[in-house]
Amino acid sequence: MNVLWVFAHPERRSLNGALRREGLRALDDMGHQVRQSDLYAMGWDPVVRAADYGHDPRERLLVGAVSQRAHVAGGLSEDIRAEHDKIAWADALVLQFPLWWFGMPAILKGWFDRVFVQGFAFGVKDARGRTLRYGDGNLTGKRAMVVVTAGARDSGLRGRGVHGDVEELLFPLHHGTLWYTGMSVLPPLVVPGADRLDGGGFGDWAACLRERLRGLGTDEPIAFRRELGGDYDGDLVLRPHLDPGRAGLAIHRRHGTAPPDQPPEQPPSRPLGQEPSPPGQVPCRSSGSR
């Protein structure tokens, strides 16, 4: 596979840096081809500017429309076009970052803001004029996996933990960004207690990362519902016969026959984030996706 590794941490000597080295070594051993976007090392500018699109700053900047025109005309700034080339080349994306203030670092958010422009990652229509998103679109067929470290302990990142369910914290990225653009999203690798991890703990998580990367092309993705799959009505509301009486983020995952590249999934036996890890086993998969 061709794999793009997007890395968003300012310190190469950090836990994240060590995990990335392990991951890149594993991908090389498996015979995959890898390109990287090391955002801090690149000095990536996370701020959307008129200059990204060759736009006259004296005129009103309508980011969506202006960025789409620049994309179609080949007028996007060189750094954005370079990232588009990497994404087009890749079969899978690995997105690695520390969880800061319940989200991704600003530099990575700015990467999405500038790179996922209209016409490239969203705002695409089919021959019938339907907008292609949530499982369909230009990035359909690609896979994505998030590798994230958190200072919080594992118990605090579960359904009844004070920080909230980690899968719900990642929902805007998983569902609202990656699945929105058509990518199949693998369950994340979440490393809790990162600030207190010792050498032995690092070895366990490095092994987990290698295991997850071995399944990058074959593991079952999260079975999100496709917008055009018939599960939503004309107002984009889940039809009443599906998960009746329930609301919230978990209802946007299918528990029956899944669309292409979204294998069937059994209904969870308990709410997301409340499944315990088997005794003595390092949780290589996020708590709600095992």
Side-chain angles (χ1 to χ4, degrees), residues 1-10 20 32-97 103-146 172-185 226-228 236 261:
M1 296 176 68
N2 294 335
V3 181
L4 173 60
W5 195 294
V6 182
F7 182 72
H9 196 287
R20 178 179 61 159
H32 300 307
Q33 301 298 311
V34 181
R35 294 183 184 177
Q36 296 186 62
S37 289
D38 184 343
L39 301 184
Y40 283 96
M42 293 161 57
W44 179 262
D45 182 357
V47 180
V48 171
R49 307 178 193 276
D52 290 345
Y53 322 119
H55 182 72
D56 186 343
R58 295 171 298 183
E59 298 180 4
R60 182 184 176 190
L61 177 60
L62 299 173
V63 174
V66 171
S67 65
Q68 184 170 25
R69 286 199 297 269
H71 169 59
V72 172
L76 292 170
S77 63
E78 183 178 353
D79 58 346
I80 294 176
R81 287 187 282 113
E83 298 306 295
H84 283 184
D85 289 343
K86 293 178 189 176
I87 295 170
W89 167 86
D91 301 307
L93 278 66
V94 176
L95 301 157
Q96 184 188 1
F97 58 92
M104 67 187 85
I107 199 169
L108 180 55
K109 177 59 165 62
W111 184 80
F112 282 109
D113 289 347
R114 294 187 63 219
V115 173
F116 278 36
V117 300
Q118 186 167 322
F120 174 77
F122 75 100
V124 181
K125 297 182 182 295
D126 65 9
R128 296 167 56 183
R130 300 180 301 177
T131 300
L132 299 177
R133 60 194 174 199
Y134 291 116
D136 295 287
N138 273 357
L139 303 186
T140 300
K142 299 183 185 296
R143 290 178 153 235
M145 185 178 79
V146 168
L173 174 57
H174 280 163
H175 186 266
T177 302
L178 302 173
W179 180 240
Y180 185 96
T181 60
M183 284 189 269
S184 296
V185 186
R226 289 177 55 241
E227 179 180 328
L228 298 179
L236 303 183
D261 203 25

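- You'll find the side chain of Ile80 stays beyond 4.5 Å of the side chain of Phe120, heavy atoms only.
- To the nearest 0.5 Å, the span separating CG on Asn2 from CZ on Arg35 amounts to 7.0 Å.
- Looking only at side-chain heavy atoms (C-beta outward), Gln36 and Arg20 come within less than 4.5 Å of each other.
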Checklist entry - Given Val115 and Trp44, is the side chain to side chain contact (heavy atoms under 4.5 Å, CB included) satisfied, shown in steps? => result CA-CA 11 Å; Val115 173; Trp44 179 262; 3.7 Å; yes
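- Counting only distance, with no hydrogens or angles, the side chain of Lys142 and the backbone of Ala90 share a donor-acceptor pair below 3.5 Å.
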What pairs of donor and acceptor atoms, side-chain ones from residues 121-128 against any protein atom, are under 3.5 angstrom apart with sequence neighbours left out?
residue : atom : partner : partner atom : Å
Lys125  : NZ   : Thr131  : OG1          : 3.0
Asp126  : OD1  : Arg128  : N            : 2.9
Asp126  : OD1  : Gly129  : N            : 3.0
Asp126  : OD1  : Arg130  : N            : 2.8
Asp126  : OD2  : Arg130  : NE           : 2.8
Asp126  : OD2  : Arg130  : NH2          : 2.9

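- Taking CG of Asp113 as the reference point, atom CD1 of Ile107 lies at 12.0 Å (rounded to 0.5 Å).
- One finds the CD atom of Glu227 at 11.0 Å from the CH2 atom of Trp179 (value rounded to the nearest 0.5 Å).
- For Ser37, the side-chain hydrogen bond (donor to acceptor under 3.5 Å, both in side chains) partners at least two apart in sequence or on another chain are Glu83, Lys86.
- Across all their heavy atoms, Trp89 and Val3 have their closest contact at CZ3-O, 3.5 Å.
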Without placing hydrogens or testing angles, list every side-chain donor-acceptor pair under 3.5 Å for residues 60-71, not counting sequence neighbours.
residue : atom : partner : partner atom : Å
Ser67   : OG   : Val63   : O            : 2.7
Ser67   : OG   : Gly64   : O            : 2.9
Gln68   : OE1  : Gln118  : NE2          : 2.8

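- Taking the ring pair (Phe, Tyr, Trp, His ring centres under 6.0 Å) definition, one finds that Phe97 meets it with nothing, sequence neighbours left out.
- The side-chain hydrogen bond (donor to acceptor under 3.5 Å, both in side chains) search around Asp136 returns Arg226, not counting sequence neighbours.
- Counting only heavy atoms from C-beta outward, the side chains of Leu76 and His84 approach each other to under 4.5 Å.
- Note that CG of Leu178 is 9.0 Å distant from CG of Leu139, once rounded to the nearest 0.5 Å.
- Shortest non-hydrogen contact noted between Pro10 and Tyr40 is N-CD1, 3.4 Å.
- Under the side chain to side chain contact (heavy atoms under 4.5 Å, CB included) criterion, Ala82 pairs with no residue, sequence neighbours left out.
- You'll find the side chain of Phe112 reaches within 4.5 Å of the side chain of Leu95, heavy atoms only.
- Here the straight-line distance linking atom OH of Tyr134 with atom OG1 of Thr181 works out to 10.5 Å at 0.5 Å rounding.
- A distance of 8.0 Å separates OH of Tyr53 from OG of Ser77, quoted to the nearest 0.5 Å.
- Between Asn138 and Gly119, the shortest heavy-atom contact is ND2-O, 3.2 Å.
- Taking every heavy atom of both residues into account, Pro46 and Ala106 meet most closely at CB-O, 3.8 Å.
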